[in-house]
Amino acid sequence: MTTTETSDILPRILDYSSRADPYPLYAELRKTPVALQEDGSYVISTYRELTDILHNPHLSSDVRNLSQPMPGAEARATPSFINVDPPEHDRLRRLAMRHFGPPHTPGLVTGMEPDLTTIVSSLIDDFAGKQQIDIVDDFAYPFPVTVICHLLGVPREDEPRFRLWVNAIIESIAYNPKTDPKEKLEHGVQATKDLRQYLGGLLEQRHGRPGDDLLTRLANDDGPDGRMTDDEIVSTANLLLIAGHETTVNLITNGMLTLLRHPQVLQRLRDDPDLVVPLVEELLRYEPPVHIIPWRAAYSDITVADTVIPKGSQIMLMLASGSRDPDRFDDPDRFDPDRQDNQHLGFGRGIHLCFGGPMARLETQIALNELVRRLDRPRLVADPPPYRPSPVLRGPIHLPVEQS
């Protein structure tokens, strides 16, 4: 298939009308593993090519390596570690990981299991007497927000403030100057500034004070890599606050939607709670929370699937398409929690493998097990449900469910 024949597929994927089911369009896109777009960017959609390029040292996450500037890039402040390259990326990620997981805090995630279960149980207790609930508003959103606020040291009562900023930032991620109003980008840029200012204010209160939250630890840490600057701490906190709940909201909601569409699997999980571990891995393949990495840059000319991608080109990575690639997965459009060798792209690959993956897995495992165990004959009210605007972080904006 030629570039001209594929040039209309990406706009159709990004269009909101495809949000409920982009997978047939991904199948069309995969016919051309590396597709040149009219604007000079490249879209990669097949598993082999995605995994290869995600491990390619010539792939850059730094916007400054794009030959065509990204809209709004001039307004961006200190980038987080997912938007810089080694060795700076490695230093910042190591500094953050010292307080988020092994080897320095090996029991952080597993040690939170009792608290996570308590939060989940409390939220489900509030369903009592309600014939209809919204899995998003009543459960999948407040659960990970409560968790990440606790971890970071962000007051939970401030959630209404940062929710507006986060929504504007998420909507601006896939900004398209050809189809989207400029206000969409402007709102995202302003929301980023507002959120960073808010986090900076919290950080100022943590210097020189004891505390177990991540902001306090980063503010007072003098490890082997030195200490993060305040701007670097704010960028890291900004990333963790957004990624720490937005992706998990989608994973839990997509998970419940998938189980309600597969009642036999739902019953299996109810009978065998241990099934939740492979089931969540299959969800990360079948209905992942992150569908697209909107851009990467080519440090130098990169050859992918016999296509030379010139230095400075923008590269879009269609992770969800790769996880449904029939050349890698048998019967990829079937939801199968017994699937073997499930090396999905749900958390990405390479040096930018999702920082919070272990936490997202545990939160989703606990959430789905408790929902399935305690909901009384749950039924979908609308299928498909309404979806969030973003094609990048894809999930229902509401998931109304009736129970007996």
Side-chain angles (χ1 to χ4, degrees), residues 1-56 58-59 173-174 176 179 250-251 254 258 281-298 302-310 313-336 339-350 352-354 384 387 390-395:
M1 193 177 285
T2 67
T3 299
T4 357
E5 289 172 319
T6 62
S7 60
D8 70 323
I9 300 175
L10 181 62
R12 287 159 61 198
I13 290 170
L14 300 181
D15 189 87
Y16 183 75
S17 62
S18 302
R19 202 69 72 247
D21 186 14
Y23 297 104
L25 290 171
Y26 291 157
E28 288 187 52
L29 197 60
R30 284 193 298 270
K31 294 175 183 176
T32 308
V34 183
L36 173 62
Q37 304 299 298
E38 290 179 353
D39 63 359
S41 65
Y42 290 80
V43 174
I44 301 179
S45 56
T46 46
Y47 184 91
R48 179 178 177 178
E49 283 66 35
L50 285 164
T51 51
D52 284 352
I53 201 164
L54 283 166
H55 289 282
N56 192 319
H58 296 282
L59 187 72
I173 288 176
N176 184 339
T179 57
N250 286 346
L251 184 56
N254 288 340
T258 301
E281 294 310 302
E282 176 68 344
L283 280 172
L284 284 161
R285 185 199 69 82
Y286 181 80
E287 282 280 32
V290 180
H291 271 228
I292 302 169
I293 296 177
W295 70 269
R296 286 290 187 262
I302 302 175
T303 301
V304 184
D306 299 323
T307 299
V308 177
I309 301 176
S313 298
Q314 179 181 344
I315 304 171
M316 182 177 285
L317 307 179
M318 312 300 284
L319 298 184
S321 171
S323 287
R324 293 271 192 124
D325 189 341
D327 288 340
R328 175 59 179 82
F329 299 98
D330 293 332
D331 199 3
D333 294 323
R334 180 168 62 92
F335 178 64
D336 179 12
R339 188 177 296 276
Q340 301 298 306
D341 187 26
N342 192 359
Q343 299 296 312
H344 56 75
L345 300 175
F347 286 138
R349 285 289 176 85
H352 292 291
L353 181 72
C354 180
Y387 275 77
S390 175
V392 174
L393 300 177
R394 175 184 167 274

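The salt bridge (charged side-chain N to carboxylate O under 4.0 Å, His left out) search around Asp331 returns Arg334, not counting sequence neighbours. By the side chain to side chain donor-acceptor pair (under 3.5 Å) test, Asp341 is found to be paired with Arg328, residues two or more places apart in sequence or in another chain being considered. With sequence neighbours left out, the side chain to side chain donor-acceptor pair (under 3.5 Å) criterion links Arg285 to Glu282. Applying the side chain to side chain donor-acceptor pair (under 3.5 Å) rule to Glu49 yields the partners Thr46; only residues at least two apart in sequence or on another chain are considered. Partners of Ser313 according to the side chain to side chain donor-acceptor pair (under 3.5 Å) rule, which considers only residues two or more places apart in sequence or in another chain, do not exist here. Take Arg48 and apply the salt bridge (charged side-chain N to carboxylate O under 4.0 Å, His left out) test, not counting sequence neighbours, and it matches no residue.
At least one side-chain heavy atom of Glu28 sits under 4.5 Å from a side-chain heavy atom of Arg12.
Interatomic distance, Asn56 CG to Ile309 CD1, rounded to the nearest 0.5 Å: 9.0 Å. To the nearest 0.5 Å, atom CE of residue Met318 and atom CG of residue Asp325 are 13.0 Å apart. Here the straight-line distance linking atom CG of Leu393 with atom CG of Leu251 works out to 12.0 Å at 0.5 Å rounding. Summarising the geometry, atom CG belonging to Leu10 is positioned 11.0 Å from atom CG belonging to Asp15; distances are rounded to the nearest 0.5 Å. Within the model, atoms CG of Leu319 and OH of Tyr26 stand 9.0 Å from one another, a figure rounded to the nearest 0.5 Å. Arg296 contributes atom CZ, which lies 6.5 Å from atom CG of Leu59 (distance to the nearest 0.5 angstrom).
Minimum heavy-atom separation, Tyr286 to Thr258: CE2-CG2, 3.9 Å. Between Ser45 and Thr32, the shortest heavy-atom distance links the atoms OG-O, 3.8 Å. The two atoms that bring Arg394 and Pro22 nearest to each other are NE-CD, 3.6 Å, heavy atoms only. Nearest heavy atom pair, residue Asn254 against residue Pro288, reads ND2-O, 3.6 Å. In terms of heavy-atom proximity, Ser323 sits nearest to Gly346 at OG-N, 4.2 Å. Closest heavy-atom contact between Val392 and Pro294: CG2-CG, 3.8 Å.
Under a cut-off of 6.0 angstrom, the local environment of CG in Asp21 is crowded, with over 12 non-hydrogen atoms contributed by other residues, nucleotides or ligands.
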Check: Does the pair Leu14 and Ile292 meet the rule for a side-chain contact (heavy atoms from CB on, under 4.5 Å), with working shown?
Finding: CA-CA 10 Å; Leu14 300 181; Ile292 302 169; 4.1 Å; yes

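Judged by distance alone, the side chain of Arg30 and the main-chain N or O of Ser321 form a donor-acceptor pair under 3.5 Å. Between the Arg324 side chain and the Glu287 main chain, no donor and acceptor come within less than 3.5 Å of each other. For the pair Arg339 (side chain) and Asp330 (backbone), a donor-acceptor distance under 3.5 Å is present.
Relative to the six-membered ring of Tyr387, Arg19 misses at least one condition, a distance below 6.0 Å or an angle of at most 45° to the axis.
In this pair, Phe329 and Tyr47 present their aromatic rings perpendicular. The plane angle is above 60°, beyond the 30 to 60° band.
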